[in-house]
Amino acid sequence: MGKSQSCNYNMYVNIAWICIIVNLGNVYELMVAAHQHPELSWSKRAAIEAESVAAKSCSGHGRAYLDGLVVDDSGAPVCECNPCYEGPDCSQFIPTCSADATSGDPYFLEPFWMKKAESSAVLVSGWHRLGYTYSDGSYISKVLENEIRQLHDVVGNAVTKGRYIIYGAGSTQLLNAAVHALASQNSSSPAKVVASSPYFQLYKTQTEFFQSRDFEFAGEASMWKNKTNSTTQFIEFVTSPNNPDGKLTKAVLQGPNAKAIFDRVYYWPHYIPISAPADDDIMVFSISKLTGHAGTRFGWAVVKDEAVYERMVSYIQENTMGVSRDAQLRVFQLIKAILQGKGKGKEIFDFAYKTMSKRWERLSKTLSVTSLFSIEKMGAQYCNFFHKVRHPSPAYAWLKCEREEDKDCNAVLEAANITGRKGSAFGAEDRFARLSLIRSQDDFDLLIDRLNKLAYEESGTRFM
């Protein structure tokens, strides 16, 4: 072993011992605290178990969970490794592994919540909210609704005063609830559901899955631009900022028979400059792209019209009898942690924006040295939340392959051991591909490494 390798080995050993000592110290402190607070009875064991599992470092390349599928000989959960890592402590890198840039799992926010372990934690009793409804007979937590309204007021990204708020199992359920609410049940023909490409593929797949006599997916919105004065009803999905290209968009169709559902899940300061509060008829948000808690499956819609709101409520009640009370409790705690943090809500957006802007800087630097790909640049705007001019930092990169022969951009990426998502999944040409930039730091670092190698090989070929 060389001197440099020996130094690195000793350094890693020392770090490992420090992590073990710190973790044992955390558990010891908890046990001391439990002893000092005898009034804490049933919660002691739960807290000790939670902290013990959370204390597993997994070499920084994975996590252990209380509900982990894999357990050790003692029955305790073991590390679940990030993609491209393996071993009991997730320390072994798999060099042949593909860089995962396909899914929208927002793991980039995990480091923030690890620093907010105390304020974001929720300990739930076994008898918490056993009934179907809250004490007022509704399926909606009113204290959570107040927190959501306050958050929008602080950020300045949506008008909520005089509006109705409804919850759903992520934005997914709310989108179809809105289609159901807007589609006329008395029409002789089904409402045509449309979107402008590139669009989030769920609009098409979910509409087709739930297709009924009241609505059907009808493809590209621009195809129907001169036909909205007919008796046919149109429902347009408008994603702003858009998934996959990050652009601020507007409804294409206008007229008395055209209605729009605005998907605003990315309209937060870490993705786009907030220039004004959105004030659309139906606006859909989700906790997933706000805090990173995609698995909690919680979203909300801000609705102007009472009749539309009531029809959406009816859909949610018939479909799932509301959203899980446990999910609502967790979201309440998360938003409360945001609002009570430093800067009265600014801390999470500072962290998220710095993370995303740094990722875009690295990606732009890599793409600047190759002619293989291009990304349409978006101009800087003044952000009312940060009180400064800044560039957008979208959740995804909408990549275009520039060589004439590269008609399948995703295939080019796959050849470089990168997993993206092809353009046709978004109603666009396959010359485009989407890369997710919101996954873990491990995923992003590997993505940049693979793109750098691809750019180096291409530039070397050009100048030979």
**Message:** Checking Y107 against D442: is there a side-chain donor and acceptor pair closer than 3.5 Å?
**Reply:** no
**Complete:** So CD of E318 and CD1 of I316: to nearest 0.5 Å the spacing works out to 11.0 Å
**Message:** Any heavy-atom pair between the side chains of Y315 and N176 that's under 4.5 Å?
**Reply:** yes
**Message:** Would you compute the distance between atom OG1 of T232 and atom CG of N257 and round it to the nearest 0.5 angstrom?
**Reply:** 8.0 Å
**Asked** Just by distance, do the side chain of T205 and the backbone of Q201 share a donor-acceptor pair under 3.5 Å?
**Response** yes
**Prompt:** side-chain contact (heavy atoms from CB on, under 4.5 Å) between I375 and L363: does it pass, once the steps are laid out?
**Reply:** CA-CA 10 Å; I375 294 178; L363 178 65; 4.1 Å; yes
**Item:** Where V265 and S171 come nearest, the two heavy atoms and their spacing
**Value:** CG1-CB, 3.9 Å
Without placing hydrogens or testing angles, list every side-chain donor-acceptor pair under 3.5 Å for residues 322-335, not counting sequence neighbours.
unit_1	atom_1	unit_2	atom_2	d
S324	OG	D326	N	3.2
S324	OG	A327	N	3.2
R325	NE	Y132	O	3.0
R325	NH1	V323	O	2.3
R325	NH2	Y132	O	2.0
R325	NH2	M321	O	3.4
Q328	OE1	Y134	OH	3.2
Q328	OE1	S141	N	2.8
Q328	NE2	Y139	O	2.9
Q328	NE2	V323	O	3.1
R330	NH1	T296	OG1	3.2
Q333	NE2	S119	O	2.7

**Request:** Could you check if a side-chain atom of F351 sits within less than 4.5 angstrom of a side-chain atom of L109, using non-hydrogen atoms only?
**Result:** yes
**Complete:** Closest heavy-atom pair, A177 versus M312, reported as atoms and distance to 0.1 Å, is O-CG, 3.7 Å
**Asked** Please walk me through it: do L447 and L437 pass side-chain contact (heavy atoms from CB on, under 4.5 Å)?
**Response** CA-CA 9 Å; L447 169 64; L437 306 183; 4.1 Å; yes
**Request:** Please answer whether the main-chain N or O of G423 pairs with a side-chain N or O of E429 as donor and acceptor at a distance below 3.5 Å.
**Result:** no
**Fill in**
Per salt bridge (charged side-chain N to carboxylate O under 4.0 Å, His left out), D280 is matched among K259, K304, R264, K250 by R264
**Message:** Strictly under 2.5 Å separating the two SG atoms? Check that for C90 and C81, please.
**Reply:** yes
**Prompt:** Is the backbone N or O of H180 less than 3.5 Å from a side-chain atom of R311, with the two atoms forming a donor-acceptor pair by type?
**Reply:** yes
**W224 side chain to A218 backbone, donor-acceptor under 3.5 Å** = yes
**Request:** Answer whether the closest heavy-atom distance between the side chains of I148 and Y167 falls below 4.5 Å.
**Result:** yes
**Message:** I'd like to check the side chain to side chain contact (heavy atoms under 4.5 Å, CB included) partners of S98; sequence neighbours left out, ordered by chain and number.
**Reply:** N417, T419
**Request:** With sequence neighbours excluded, tell me which residues meet side chain to side chain contact (heavy atoms under 4.5 Å, CB included) with P244.
**Result:** P198, N242, W398, F426, R434
**Request:** May I ask you to decide if L248's main-chain N or O and S240's side chain share a donor-acceptor pair within less than 3.5 Å?
**Result:** no
**Asked** CD of E110 to NZ of K115: how many Å apart, nearest 0.5 Å?
**Response** 12.5 Å
**Complete:** Sequence neighbours excluded, the answer for side-chain hydrogen bond (donor to acceptor under 3.5 Å, both in side chains) partners of D443 is R439, S440
**Asked** Which heavy-atom pair separates A221 from V252 by the least distance, and what is that distance?
**Response** CB-CB, 4.2 Å
**Prompt:** Under a 4.5 Å cut-off applied to non-hydrogen side-chain atoms, are F432 and K422 in contact?
**Reply:** no
**Request:** Using the ring pair (Phe, Tyr, Trp, His ring centres under 6.0 Å) rule, pick out the option among F112, F386, Y271 that qualifies with Y353.
**Result:** F386
**Message:** Using side-chain heavy atoms (C-beta onward) and a distance below 4.5 Å, is T249 in contact with Y199?
**Reply:** no
**Message:** Please check: side-chain N/O of D89 versus main-chain N/O of C58, any donor-acceptor pairing under 3.5 Å?
**Reply:** no
Would you list the atom pairs, donor with acceptor, under 3.5 Å between side chains in residues 336-349 and any protein atom, with sequence neighbours excluded?
unit_1	atom_1	unit_2	atom_2	d
E347	OE1	K116	NZ	2.8
E347	OE1	K342	N	3.2
E347	OE2	K116	NZ	3.3

**Message:** Looking at S424, is its backbone amide N or carbonyl O close enough to the side chain of D430 to form a donor-acceptor pair, meaning the two atoms are under 3.5 Å apart?
**Reply:** yes
**Message:** If I compare all heavy atoms of G104 with all of I438, which pair ends up nearest, and what's the gap?
**Reply:** O-CD1, 3.3 Å
**Prompt:** R63 and C79: side-chain contact (heavy atoms from CB on, under 4.5 Å), yes or no, with the steps?
**Reply:** CA-CA 5 Å; R63 293 285 171 261; C79 293; over 6 Å; no
**Request:** Give the minimum heavy-atom separation between I261 and A178, together with the two atoms involved.
**Result:** CD1-CB, 3.5 Å
**Asked** With sequence neighbours left out, which residue pairs that include part of residues 187-214 fulfil the salt bridge (Lys or Arg N to Asp or Glu O under 4.0 Å) condition?
**Response** K192-E216, K204-E208
**Request:** Please name all residues satisfying side-chain hydrogen bond (donor to acceptor under 3.5 Å, both in side chains) with Y203, sequence neighbours left out, ordered by chain then number.
**Result:** T239, D263
**Ion pair check, R362 and D445, cut-off under 4.0 Å** = yes
**Asked** Given Q441 and R359, is the side-chain contact (heavy atoms from CB on, under 4.5 Å) satisfied, shown in steps?
**Response** CA-CA 9 Å; Q441 194 63 40; R359 291 188 176 189; 3.1 Å; yes
**Item:** Short N-O contact, R163 and D279, less than 4.0 angstrom
**Value:** yes
**Request:** Identify, with sequence neighbours excluded, every residue that meets side chain to side chain contact (heavy atoms under 4.5 Å, CB included) alongside H391.
**Result:** A380
**Request:** Flag the pair Y266 / P394 as yes when at least one side-chain heavy-atom distance between them is below 4.5 Å, and no otherwise.
**Result:** no
**Request:** Could I get the full list of side-chain hydrogen bond (donor to acceptor under 3.5 Å, both in side chains) partners for T320, not counting sequence neighbours?
**Result:** Q173
**Asked** Where do P392 and P273 come nearest, in terms of heavy atoms and distance?
**Response** CA-CD, 4.0 Å
**Message:** Restricting to side chain to side chain contact (heavy atoms under 4.5 Å, CB included), what partner residues turn up for K142, sequence neighbours left out?
**Reply:** D136, S138, E145
**Asked** Would you say H270's side chain and K289's backbone share a donor-acceptor pair under 3.5 angstrom?
**Response** yes
**Prompt:** Is there a side-chain contact between L182 and I282, using heavy atoms and a 4.5 Å cut-off?
**Reply:** yes
**Asked** Side chain of E236, backbone of A251: donor and acceptor closer than 3.5 Å?
**Response** no
**Message:** I'd like to know whether CD of Q206 has more than 12 heavy-atom contacts from other residues, nucleotides or ligands below 6.0 angstrom.
**Reply:** yes
**Message:** Can you list everything that forms a disulfide (SG to SG under 2.5 Å) with C84? Sequence neighbours excluded, please.
**Reply:** C97
**Asked** With sequence neighbours left out, what residues match H152 under side-chain hydrogen bond (donor to acceptor under 3.5 Å, both in side chains)?
**Response** N157, W300
**Message:** Contact between F285 and L290 at the side-chain level, heavy atoms closer than 4.5 Å - yes or no?
**Reply:** no
